[in-house]
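In each ligand, atom 1 is the first atom listed, and ligand 1 is the first ligand listed.
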Amino acid sequence: MAATVAEALAVAAEFAFGGPIVSTAPYGSGHINDTFLTPVGTADGPRRFILQRVNHQVFRQPDLLMENVARVCAHAHAKLRAAGAPDARRRALRLVPTKGGQAWHVDPSGNRWRCYDFIEGATGHDVVRSPAQAEAAAKAFGAFQSLLADLPGDRLHETIPDFHHTPARFARFQAALAKDGHGRAAAAGPEIAFALARGHEVGVIVDALRAGTLPERVTHNDTKLNNVLLDDVTQEGVCVIDLDTVMPGSALYDFGDLVRTSTSPAAEDETDLSRVRLQLPMFEALVRGYLASARGFLTPREKELLPFAGKLITFEIGLRFLTDWLEGDAYFKIKRPAHNLDRCRTQFALVASIEGQFPAMQEIVARA
Ligand code: ADP
Ligand code: GN1
Ligand code: MG
């Protein structure tokens, strides 16, 4: 059950905002957490905050997750300060402490809540509108990976084990299909066939990670377009958000999810599949933006696999939507009965479009 406004208001009172809370209201289009926009009157004038209840069905170890988030925020701000970056307050998330000085609050039912400064004058877009936006988003996520390359301390906690283990996602899909616990498989024949026909290539990235032919890095792991806020005036990348899945991974899944979410003119849940396609100018802009900030650390093999990564994660997320649909919509928030099946169809239509343009994508990367 989603958190109510009344619950959010009660929890907001626990945070050290430095003034009275004006109101709170549900905000954004994320599929996982419950997010509230919370304006507050402070001594310095009105300010806004993002209050979030962490989804602990999805994140089974929310305290470890919050440890990761706090470390990443602190490191980002330390580096921005050291570099004398202008506008540093907007460039990385900052956690607002509780009145007791904690980085997060635990409510009486055991839910974890946290609060961030609201990044003003910037927007997370659900659908890409221009190559300039695609370029800015990719540059920002590349810079984020670069920022985390020297994160001090222990390896980050794996907030969701095997998050981008595509073979494990495939196995889970096969198990859900075999069980068909909600009698839904019959309604998804073409999607199931599409998925089963692609089982042979799911291991390419994780196998290479295991073999050491691709490096493990600290990555974001949820780099969809609306998880980076772009400046409303300049369209530049301002701030990478949604840090819940920052953990060890492959840079390729990060680039791939940009391809999934920033090359098609259609929304993730578009039902008119004729609108779903990879637009090469957007892909070219992603490659340009990503290489602008990541060229210095990527290996030749990582660069070579950029087009494939786009295809693989689009397939993986399509598979996850299909699996969730077969399992009765237990994971992703939905707004209509077949929402997850619609999302799966959109992803698979994009996979097909990528497959049709693969040589042109490889050509773009080779030229860059
Ligand atoms: P979810 O995991 O559910 O996607 P997010 O952390 O991405 O949660 O937050 C949901 C939405 O809230 C984002 O897509 C973005 O629009 C908005 N948002 C989150 N944090 C901030 C912030 N600090 N400033 C402005 N908007 C934010
Ligand atoms: C979820 O949290 P959000 O909405 O940014 C999901 C991603 C999926 C994405 C699909 C923790 O991202 O893995 O790619 O939906 N996050 C988690 O839109 O599962
Ligand atoms: Mg999000």
Side-chain angles (χ1 to χ4, degrees), residues 2-3 25-39 47-60 62 65-66 68-69 72-73 76 89-96 113-127 137 141 158-166 169 219-232 238-247 249 253-254 256-262 264 267-270 312-324 330-335 339-340 342-344 346-347 350:
Y27 187 76
S29 51
H31 298 338
I32 303 295
N33 296 309
D34 292 337
T35 302
F36 295 86
L37 175 59
T38 311
R47 280 181 61 190
R48 303 197 288 175
F49 296 90
I50 285 285
L51 177 65
Q52 281 183 324
R53 189 181 78 177
V54 177
N55 183 331
H56 65 210
Q57 308 280 90
V58 165
F59 298 106
R60 296 306 177 110
L65 174 152
M66 286 306 301
N68 279 0
V69 169
V72 169
C73 290
R89 261 176 83 159
R90 290 173 79 225
R91 301 247 160 222
L93 288 180
R94 189 188 73 92
L95 284 164
V96 179
W113 294 74
R114 60 165 173 235
C115 193
Y116 294 116
D117 288 335
F118 185 86
I119 310 293
E120 298 286 353
T123 304
H125 299 270
D126 290 334
V127 178
F141 279 117
E158 288 199 44
T159 50
I160 300 181
D162 291 340
F163 190 60
H164 285 309
H165 195 296
T166 317
R169 298 289 186 182
T219 52
H220 183 281
N221 296 305
D222 189 4
T223 56
K224 66 184 190 186
L225 180 64
N226 68 16
N227 282 335
V228 56
L229 304 180
L230 305 183
D231 189 278
D232 290 335
V238 175
C239 185
V240 166
I241 62 167
D242 205 344
L243 307 177
D244 298 337
T245 51
V246 177
M247 58 182 157
Y253 281 113
D254 279 6
D257 212 39
L258 283 158
V259 177
R260 180 181 77 84
T261 58
S262 317
S264 172
E268 187 183 61
D269 58 357
E270 173 66 59
L312 184 66
I313 197 164
T314 307
F315 179 65
E316 178 188 290
I317 305 297
L319 206 54
R320 286 177 61 197
F321 287 140
L322 182 56
T323 304
D324 198 32
Y331 189 95
F332 295 105
K333 290 184 183 178
I334 54 164
K335 297 205 172 97
H339 207 164
N340 273 318
D342 290 343
R343 289 167 173 156
C344 160
T346 311
Q347 306 318 296
L350 186 57

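Among protein heavy atoms, atom 17 (C) of ligand 2 sits closest to Tyr331 OH, 3.4 Å. Remark: minimum distance from atom 9 (C) of ligand 2 to any protein heavy atom is reached at Lys224 NZ, 3.7 Å. In terms of protein heavy-atom proximity, atom 1 (C) of ligand 2 is nearest to Ile32 CG1, 3.8 Å. Counting protein heavy atoms only, atom 13 (O) of ligand 2 is closest to Arg320 NH1, 2.8 Å. Of the protein's non-hydrogen atoms, Glu268 OE2, 3.2 Å is the one closest to atom 10 (C) of ligand 2.
The shortest distance between side-chain heavy atoms of Ile313 and Val259 does not fall below 4.5 Å. Looking at heavy atoms from C-beta onward, Leu322 lies out of side-chain contact with Gln347 at the 4.5 angstrom threshold. Residues Leu95 and Tyr116 are in side-chain contact: their nearest non-hydrogen atoms beyond the backbone lie under 4.5 Å apart. Taking 4.5 Å as the limit, every side-chain heavy atom of Thr245 sits out of range of all side-chain heavy atoms of His164. For the pair Arg169 and Phe163, the minimum side-chain heavy-atom distance is below 4.5 Å. In this structure, the side chains of Phe49 and Val96 come closer than 4.5 Å at one or more pairs of heavy atoms.
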I'd like a table of the close N/O pairs between ligand 1 and the protein (anything under 3.5 Å), one pair per line with both atom names and the distance.
| from | atom 1 | to | atom 2 | distance (Å) |
| --- | --- | --- | --- | --- |
| ligand 1 | 2 (O) | Asn33 | ND2 | 3.2 |
| ligand 1 | 2 (O) | Asp242 | OD1 | 3.3 |
| ligand 1 | 2 (O) | Asp242 | OD2 | 3.0 |
| ligand 1 | 3 (O) | Ile32 | N | 3.3 |
| ligand 1 | 3 (O) | Asn33 | N | 2.9 |
| ligand 1 | 4 (O) | Asp242 | OD2 | 3.0 |
| ligand 1 | 6 (O) | Gln52 | NE2 | 2.9 |
| ligand 1 | 7 (O) | Asn227 | OD1 | 3.1 |
| ligand 1 | 7 (O) | Asp242 | OD2 | 2.9 |
| ligand 1 | 8 (O) | Gln52 | NE2 | 3.4 |
| ligand 1 | 9 (O) | Gln52 | NE2 | 3.1 |
| ligand 1 | 23 (N) | Asp117 | O | 3.0 |
| ligand 1 | 24 (N) | Ile119 | N | 2.9 |

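By the 4.0 Å N-to-carboxylate-O rule, Arg47 lies too far from Glu120 to be salt-bridged with it. Salt-bridge formation is not detected for the pair Lys335/Asp342: no Lys NZ or Arg NE/NH1/NH2 atom is positioned less than 4.0 Å from an Asp or Glu carboxylate oxygen.
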Could you go through Asp126 and Ser29, starting from their C-alpha distance and side-chain angles, then the distance that decides it, and tell me whether this counts as side chain to side chain donor-acceptor pair (under 3.5 Å)?
CA-CA 8 Å; Asp126 290 334; Ser29 51; 2.9 Å; yes
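With Thr159 contributing its side chain and Leu65 its backbone, the two residues share no donor-acceptor pair below 3.5 Å. Here the side chain of Thr223 pairs a donor or acceptor atom with the backbone of Asp254 at under 3.5 angstrom. Put simply, the side chain of Arg90 gets close to the backbone of Gly121: a donor and an acceptor are under 3.5 Å apart. At least one donor-acceptor pair under 3.5 Å links the side chain of His220 to the backbone N or O of Asp242. A donor-acceptor pair under 3.5 Å links the side-chain atoms of Thr346 to the main chain of Glu270, judged by distance alone.
Looking at ligand 2, you won't find any N or O of Thr245 less than 3.5 Å from one of its N or O atoms. Considering backbone and side-chain N/O atoms, Asp242 comes within less than 3.5 Å of an N/O atom of ligand 2. Taking only nitrogen or oxygen atoms, main chain and side chain alike, His31 reaches within less than 3.5 Å of ligand 2. Inclusion of Asn226 in the set of residues having an N or O under 3.5 Å from an N or O of ligand 2 is not warranted.
In Tyr253, neither the side chain nor the backbone holds a heavy atom less than 4.0 Å from any atom of ligand 2. Under 4.0 Å from ligand 2, not a single heavy atom of Thr261 appears. Residue-level proximity to ligand 2 for Arg260 is carried by the side chain, the only part with a heavy atom below 4.0 angstrom.
Inspection of the environment of the Mg ion (ligand 3) yields the following protein N, O or S atoms under 2.8 Å: Asn227 OD1, Asp242 OD2.
In the vicinity of Gly30, heavy-atom distances shorter than 4.0 Å reach the ligand 2 atoms 4 (O). Close approach to Phe59 involves these atoms of ligand 2, each under 4.0 Å from a residue heavy atom: 11 (C). Listed by number with element, the atoms of ligand 2 under 4.0 Å from a non-hydrogen atom of Ile317 are 14 (O). Heavy-atom proximity to Asn227, at under 4.0 Å, picks out these atoms of ligand 2: 5 (O). Listed by atom number, the atoms of ligand 2 under 4.0 Å from Phe321 heavy atoms are 10 (C).
Nearest-heavy-atom check against atom 12 (O) of ligand 2 across Asp222, Asp257, Asp324, Thr159 picks out Asp222.
Between the CG atom of Asp324 and the CG atom of Leu319 there is a distance of 11.5 Å, given to the nearest 0.5 Å.
In this pair, Tyr27 and Phe118 present their aromatic rings perpendicular. The plane angle is above 60°, beyond the 30 to 60° band.
Among Asn33, Asn55, Asp34, the one residue that satisfies the side-chain hydrogen bond (donor to acceptor under 3.5 Å, both in side chains) test with Lys333 is Asp34.
Defined by atom type and a distance below 3.5 Å, a donor-acceptor pair is present between the side-chain atoms of Thr166 and Tyr253.
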